[in-house]
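Read the structure below first, then the notes.
The structure presented is a predicted model; accordingly, all values stated were derived computationally and were not measured.
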Amino acid sequence: MSLFSYITISRKVYTEIKTQKKFNRDFLIPYLNELETKYNGQFQSEQKGKILNYYGLFITSFLCSSYKRLYGKKLSEAERKRASLFGILTPVGDDLFDIDKLDIESIRQITFHPETYNATTFSSKVAKEIQTFELENVPFKNEYLLASKNVLDIQIETIKQTKRDISKEEMERITYTKGAVSVIIYHQCLDEIADAQMLDVLFFVGSLYQLGNDIFDLYKDVRDNIYTLINTCEDYILFKKKFMERVRLQNQKIMALPYSTKDKKEFCIVMNTINARSVVALDQFIKLQKKKNEKIDWWKLERKDMIVDMEKPLNLLRWMRYIKKLPNLV
């Protein structure tokens with residue numbers, strides 16, 4: 001695609017981000033404050049930042065709006081609200097496991113029958129209210145519930161990543177599935193459900209995004225002793241090669257969708273914007289491994305070795321180069 005096409009796509013994404021920021025100011029921020037008052041609790045500052053700057057901003061404006069543009073439609077206000085509210089539910093759901101230490105049966109009840117659950121903690125009360133709203137308002141309740149089940153099931157399995165002896169095969173299965181179900185459930189908040197072909201596309205989109213999350217969460221995962229494909233990698237040159245092949249397969253599946261070629265190409269470019277950041281980081285890891293001339297033991301390194309500064313001018317240029325390159329891998 002031409003440079004003008006990339007500029008046009010960038011403007012669309014920028015406009016959508018501006019729209020979502022206004023929605024967050026007008027609705028999401030006041031609603032978070034309302035929840036804190038109503039349930040006499042507080043969102044952690046880091047958690048609130050994730051809601052407003054990632055789940056409730058990037059996911060809705062970047063992912064959900066891109067799904068709609070692929071279908072030749074615009075994200076409605078009702079869809080924006082449902083997706084944004086799920087952006088609260090995502091990090092709050094983590095608290096049900098990590099802080100509240102709720103048993104699995106309690107979390108299943110909040111997931112499938114929130115209206116009957118007797119919530120006693122701040123996080124469980126918030127989760128109950130939002131999941132009740134979603135189940136009352138999503139157009140395709142059964143598909144949303146199936147997506148919710150898949151998210152819960154893989155969340156339970158991630159505990160395996162706290163064990164050093166987890167196999168690469170198991171780690172890969174959990175990583176890819178976790179990423180896939182995470183992007184699929186946001187799709188199932190919309191007015192259209194993802195059919196089998198779109199679900200296949202989203203499996204690749206989500207698995208690549210999860211690898212990206214693990215790349216940029218490298219320091220946090222090492223600190224917390226969470227074992228990932230990234231921090232246990234023995235050969236980053238080979239890892240990058242496999243990553244690029246997965247990008248190619250994703251692109252092929254996107255271009256096989258039954259939508260206009262123009263919309264598919266735009267969707268492919270937007271989806272690969274995040275993957276391009278990941279490849280910049282992998283290049284940094286490759287350089288570090290070559291310097292050490294051995295497998296990297298991240299647990300013996302400092303934080304500065306694990307951080308990829310995407311605001312550095314050179315990294316921004318590399319990112320732009322990969323944004324141009326990755327969508328052409330077919």
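- In terms of heavy-atom proximity, S148 sits nearest to Q131 at OG-NE2, 3.7 Å.
- Shown here for S61 and I17, the closest heavy-atom pair between the two residues is OG-CG1, 3.5 Å.
- Residues Y55 and G87 share a closest heavy-atom pair of CB-O, 3.2 Å.
- Cluster partners of F140, using a side-chain heavy-atom cutoff of under 4.5 Å among ILVMFWY residues and allowing indirect links, are I193.
- The environment of CG in D103 is crowded: more than 12 heavy-atom neighbours from other residues, nucleotides or ligands sit within 6.0 Å.
- Qualifying side-chain hydrogen bond (donor to acceptor under 3.5 Å, both in side chains) partners for D95, counting only residues two or more places apart in sequence or in other chains: Q47.
- When all heavy atoms of V279 and K240 are compared, the pair lying nearest together is CG1-CE, 3.7 Å.
- Within 6.0 Å of CE on M310 lie more than 12 heavy atoms contributed by other residues, nucleotides or ligands.
- With rounding to the nearest 0.5 Å, the separation of OG1 in T158 from CD1 in I166 is 9.5 Å.
- The aromatic rings of H187 and Y67 sit tilted, their planes meeting at an angle between 30° and 60°.
- In this structure, C189 and V138 approach most closely via the heavy-atom pair CA-CG1, 4.2 Å.
- When the side chains of ILVMFWY residues are joined at heavy-atom separations under 4.5 Å, either directly or via intervening members, M244 and V330 end up in two distinct hydrophobic clusters.
- Sorted by first then second residue, the salt bridge (charged side-chain N to carboxylate O under 4.0 Å, His left out) pairs that include residues 120-139, not counting sequence neighbours, are K38-E129.
- Salt bridge present: K48 and E36 bring a charged side-chain N and a carboxylate O closer than 4.0 Å.
- W298 and I237 fall within the same hydrophobic cluster, where Ile, Leu, Val, Met, Phe, Trp and Tyr residues are linked whenever their side-chain heavy atoms come under 4.5 Å apart, directly or through other members.
- A salt bridge links E266 to K262: at least one charged side-chain nitrogen sits closer than 4.0 Å to a carboxylate oxygen.
- Considering only heavy atoms from C-beta on, Q20 stays 4.5 Å or farther from F58 through its side chain.
- L211 is not connected to L238 by any chain of hydrophobic side-chain contacts under 4.5 Å among Ile, Leu, Val, Met, Phe, Trp and Tyr, and they are in different clusters.
- Listed by first and then second residue, the side-chain hydrogen bond (donor to acceptor under 3.5 Å, both in side chains) pairs involving residues 194-206 are D200-K253 (not counting sequence neighbours).
- A cation-pi contact, defined as under 6.0 Å to the ring centre and within 45° of the axis, is absent between R82 and Y144.
- Residue K292 places its NZ atom among 12 or fewer non-hydrogen atoms of other residues, nucleotides or ligands, all under 6.0 Å distant.
- With salt bridges taken as basic N to acidic carboxylate O contacts below 4.0 Å, none links E245 and K242.
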Which side-chain N or O atoms in residues 299-307 pair as donor and acceptor under 3.5 Å with protein atoms at least two apart or in another chain?
unit_1, atom_1, unit_2, atom_2, d
W299, NE1, V222, O, 3.2
W299, NE1, N225, OD1, 2.8
D305, OD2, E302, N, 3.1

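- Residues in residues 104-116 take part in these salt bridge (charged side-chain N to carboxylate O under 4.0 Å, His left out) pairs, two or more places apart or across chains: R108-D153.
- To the nearest 0.5 angstrom, D283 atom CG is 12.5 Å from L288 atom CG.
- Taking the ring centre of Y227 as origin, the terminal cationic atom of R164 falls outside the region bounded by 6.0 Å and 45° from the ring axis.
- No single ILVMFWY cluster, assembled from side-chain heavy atoms under 4.5 Å apart, contains both F112 and L146.
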